[in-house]
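As structure tokens, the structure follows; a few thoughts come after it.
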Amino acid sequence: MHVHSRHPSSGHSSPSSPPSSPLSRSPRLRQSSGKSGRPAPGTLTQRLTWILLSVLGKRRGFFLFAPLMYISGMLFYMGTVPFDVEHVVPSIKHRSAPGTVYRSPQLYSKLRPQMDYDNSSGDAISTIWKHSYKGGEWRPCINQSMRGVPVSNGYIYIEANGGLNQQRTSICNAVAVAGYLNATLVIPHFHFHSIWRDPSKFGDVYDEEFFVKTLGNDVRIVDTVPGYIMERFDYNMTNVYNFRIKAWSSIRYYRDTVLPKLLEEKIIRISPFANRLSFDAPPAVQRLRCLANYLALRFSKPILTLGETLVARMKEHSANNSGKYISVHLRFEEDMVAFSCCVYDGGKQEKREMDAARERGWRGKFTKRGRVIRPGTIRLTGKCPLTPLEVGLMLRGMGFDKNTSIYLASGRIYDSERYMAPLLEMFPLLQTKEMLASTEELAPFQKYSSRMAAIDYTVCLHSEVFVTTQGGNFPHFLLGHRRYLYGGHSRTIRPDKRKLALLLDNLNIGWKSFKRQMLNMRTHSDSKGIELKRPSDSVYSFPCPDCMCRVNKTQT
């Protein structure tokens with residue numbers, strides 16, 4: 001803070017010359033500094049006292065030293081400067097830096113009485129999507145070929161890695177590459193991942209027959225490579241030439257580098273394949289991606305049957321809201337919490353469990369020399385997984401009352417008994433697939449993470465509102481799929497987690513202020529519901545305009 005003297009300068013100095021120091025003009029200081037007979041004070045404390053008294057003797061000096069005196073007083077008050085007299089200054093506890101402490105439980109305790117008293121939000125689920133769209137709606141318009149496939153240039157075998165939706169990316173990209181190169185695509189092989197530990201094959205998750213039939217006029221697809229070709233490789237796919245392709249490679253790379261090898265060998269292997277094709281591609285490639293993702297990929301009959309059954313049951317549970325329900329994708333599994341390196345309120349036990357989980361899943365990754373982990377910074381940058389309590393506070397603030405039906409899509413929640421309790425208090429009608437389905441109905445899927453995720457995907461797809469809390473492939477695919485089904489609008493709440501982290505850290509905020517901020521966040525999600533794909537965006541999240549056509553409001 002800059003302090004300007006209100007007094008005019010004396011006539012002895014020009015405007016361009018700096019004013020003389022008030023200390024140098026003090027006769028008392030001149031006496032103490034030099035040649036008068038009065039001795040200067042001895043100790044440091046005495047000298048400071050002497051200077052302070054001399055300055056207070058001058059009004060101008062007082063104004064110049066006011067900031068210094070204020071800062072000194074604050075330092076003494078906050079206990080950062082030693083003070084010799086005991087019990088004079090009370091002990092002050094310093095508040096931790098924003099984000100370093102998980103304060104949401106304290107905020108919930110404070111806001112809950114006001115939240116329960118608030119009766120102004122009963123119709124939120126029926127009035128949520130009210131943003132006006134001047135450009136009209138969108139409808140699906142993916143053209144399927146009527147000509148049939150040309151002569152094949154050879155076979156492409158890809159290995160899809162990752163979880164359910166990362167594998168989905170690989171499949172759709174493989175269809176696009178195979179179609180562009182006039183190649184025959186072998187049904188993709190799924191890697192067994194150390195985290196998901198799911199041995200499912202393509203036909204266990206997707207309707208393989210429907211997939212082949214839907215793409216029949218665009219891409220030739222087979223489940224095995226002919227024996228006369230595999231004979232050259234001793235019937236061992238690992239002997240086939242494997243392309244190690246960089247992530248986000250352009251389609252031109254496949255044409256210029258991969259195609260010549262395909263023509264020479266008649267079969268190539270690409271492993272791994274996830275994210276090996278750029279999002280920015282010509283219309284012919286994008287059309288094949290759209291065709292694969294939105295039309296050809298349909299879940300296998302057992303998954304689809306159970307998923308649609310749970311959708312019907314959710315609508316029955318939501319009769320008080322005209323059959324409309326909210327779905328929430330919650331990423332608060334143990335591995336997710338461990339990977340984030342965020343700190344919650346579990347103390348030493350939480351630290352031991354998280355350290356063990358990090359070592360199991362990512363051996364040595366988080367203990368490398370020189371690596372510094374700052375949980376507070378992670379939280380303030382919006383990268384911490386939201387807890388069930390935080391999701392509940394956010395949704396209640398957005399106007400959804402305790403009678404709202406919620407479907408929770410999630411794996412096994414970390415320390416679920418403790419963390420889920422406040423969310424169930426706020427939303428007693430909450431359901432999960434384990435609550436909606438019987439043990440017998442879930443048994444065929446229980447040990448397969450991809451199949452369980454596919455059931456969640458189906459129920460989330462048909463909800464009135466989808467809430468994403470952490471990002472990742474699951475919500476990104478749902479964003480696009482919901483846009484494809486609902487006139488170009490994703491009907492998805494995407495919270496500003498940086499802003500939310502600051503609000504949840506503020507124990508002084510009141511319910512009205514918190515609710516106002518949440519309603520603004522909800523409105524922002526609505527206004528961003530319809531977005532057009534930019535060159536660097538994924539067609540799987542932004543199907544407009546590559547997979548959809550605009551319908552003006554005047555059209556019927």
Side-chain angles (χ1 to χ4, degrees), residues 96-108 111 128 165 326-346 350 354 373-400 406 408-411 413-414 419-420 422-423 426-427 460 465-479 482 490-509 511 513-529 531 537-538 541-542:
S96 301
T100 56
V101 177
Y102 172 61
R103 292 191 171 89
S104 300
Q106 295 96 304
L107 183 64
Y108 174 54
L111 296 182
I128 181 168
N165 291 286
I326 293 176
S327 60
V328 177
H329 182 226
L330 182 63
R331 294 304 314 275
F332 204 70
E333 305 90 345
E334 183 179 72
D335 64 316
M336 189 68 209
V337 176
F339 186 81
S340 72
C341 295
C342 299
V343 175
Y344 295 93
D345 60 355
E350 178 186 292
M354 293 299 100
I373 297 173
R374 296 184 174 87
T377 301
I378 298 171
R379 179 168 279 117
L380 290 181
T381 53
K383 295 177 181 177
C384 281
L386 293 182
T387 64
L389 183 153
E390 292 171 333
V391 171
L393 271 174
M394 178 184 75
L395 291 177
R396 288 295 293 268
M398 288 181 174
F400 302 103
I406 292 182
L408 191 69
S410 174
I413 301 296
Y414 170 64
Y419 280 108
M420 282 296 295
L423 179 59
M426 287 182 271
F427 294 99
C460 290
V465 180
F466 172 60
V467 182
T468 173
T469 63
Q470 185 60 18
N473 289 307
F474 186 95
H476 287 165
F477 267 93
L478 270 168
L479 273 170
R482 289 170 64 83
S490 66
R491 296 188 182 182
T492 297
I493 291 175
R494 288 183 287 174
D496 182 342
K497 291 180 64 181
R498 295 185 180 188
K499 184 175 182 179
L500 193 58
L502 290 173
L503 291 172
L504 294 171
D505 190 71
N506 181 9
L507 299 182
N508 295 319
I509 195 169
W511 173 245
S513 179
F514 181 80
K515 184 175 180 179
R516 183 173 62 252
Q517 298 280 0
M518 292 300 98
L519 289 172
N520 288 339
M521 202 175 287
R522 191 187 90 173
T523 301
H524 181 74
S525 290
D526 185 15
S527 66
K528 291 289 186 179
E531 291 184 278
D537 289 333
S538 165
S541 297
F542 301 93

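Sequential numbering from 1 along the given sequence is applied to the chain's residues.
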- prompt: Closest heavy-atom contact between Val467 and Met394?
  reply: CG1-CE, 3.8 Å
query: Is a donor on one side and an acceptor on the other found under 3.5 Å between the side chain of Ser541 and the backbone of His476?
result: yes
field: Derivation and outcome, side chain to side chain contact (heavy atoms under 4.5 Å, CB included), residues Met354 and Glu334
entry: CA-CA 8 Å; Met354 293 299 100; Glu334 183 179 72; 3.8 Å; yes
Within-4.5 Å side-chain heavy-atom neighbours: Phe400 and Ile406: no
message: To check you understand the geometry: which heavy-atom pair defines the closest contact between Ile128 and Asp526, and what is its length?
response: O-OD2, 3.7 Å
- prompt: How far apart are the C-alpha atoms of Val337 and Tyr419, what are their side-chain angles, what is the distance that settles it, and do they pass the side chain to side chain contact (heavy atoms under 4.5 Å, CB included) test?
  reply: CA-CA 13 Å; Val337 176; Tyr419 280 108; over 6 Å; no
- request: Over all heavy atoms of both residues, which pair between Glu350 and Asp345 is shortest? Give the atoms and the distance, please.
  value: OE1-N, 3.5 Å
field: Donor-acceptor pair, side chain of Arg482 and main chain of Arg491, under 3.5 angstrom
entry: yes
message: Less than 4.5 Å apart, side chain to side chain, heavy atoms only: is that true for Tyr344 and Pro385?
response: yes
task: Indicate the atoms forming the closest heavy-atom contact of Leu330 with Pro388, along with that distance.
output: CD2-CG, 3.7 Å
- line: So CZ of Arg331 and CD of Glu333: to nearest 0.5 Å the spacing works out to 4.5 Å
message: Quick check: closest heavy atoms across Gly392 and Phe427, and the distance to 0.1 Å?
response: O-CE1, 3.7 Å
- request: Go through the steps to decide whether Thr387 and Phe332 satisfy the test side chain to side chain contact (heavy atoms under 4.5 Å, CB included), and finish with yes or no.
  value: CA-CA 6 Å; Thr387 64; Phe332 204 70; 3.7 Å; yes
field: 4.5 Å side-chain heavy-atom contact, Leu393 and Leu389
entry: yes
query: Would Glu390 and Arg379 pass as an ion pair if we require N to O under 4.0 Å?
result: no
Within-4.5 Å side-chain heavy-atom neighbours: Arg494 and Leu479: yes
message: Can you confirm whether Phe514 sits close enough to Leu504 that some side-chain heavy atom of one is under 4.5 Å from a side-chain heavy atom of the other?
response: yes
- line: One should read off an interatomic distance between Ile493 CD1 and Thr523 OG1, to the nearest 0.5 angstrom, of 9.5 Å
- prompt: Distance from Lys497 atom NZ to Met521 atom CE, nearest 0.5 Å?
  reply: 11.5 Å
task: Could you tell me whether the side chain of Ser410 and the main chain of Leu408 form a donor-acceptor pair under 3.5 Å?
output: no
task: Rounded to the nearest 0.5 Å, what's the gap from CG on Leu503 to CG on Leu107? Could you check?
output: 9.0 Å
task: For residues Leu111 and Arg396, determine if any side-chain heavy atom of one lies less than 4.5 Å from a side-chain heavy atom of the other.
output: no
Exam field: side chain Gln470 to backbone Lys383, donor-acceptor pair closer than 3.5 Å: yes
Pairwise distance NE2(His329) to OG1(Thr468) - rounded to 0.5 angstrom: 7.0 Å
Distance in Å, Asp335 CG paired with Tyr414 OH, rounded so as to fall on 0.5 Å steps: 12.5 Å
field: Student check: side-chain heavy atoms of Ile378 and Arg374 closer than 4.5 Å
entry: no
- request: Carefully, step by step, assess Asn165 and Leu478 under the rule side chain to side chain contact (heavy atoms under 4.5 Å, CB included).
  value: CA-CA 10 Å; Asn165 291 286; Leu478 270 168; over 6 Å; no
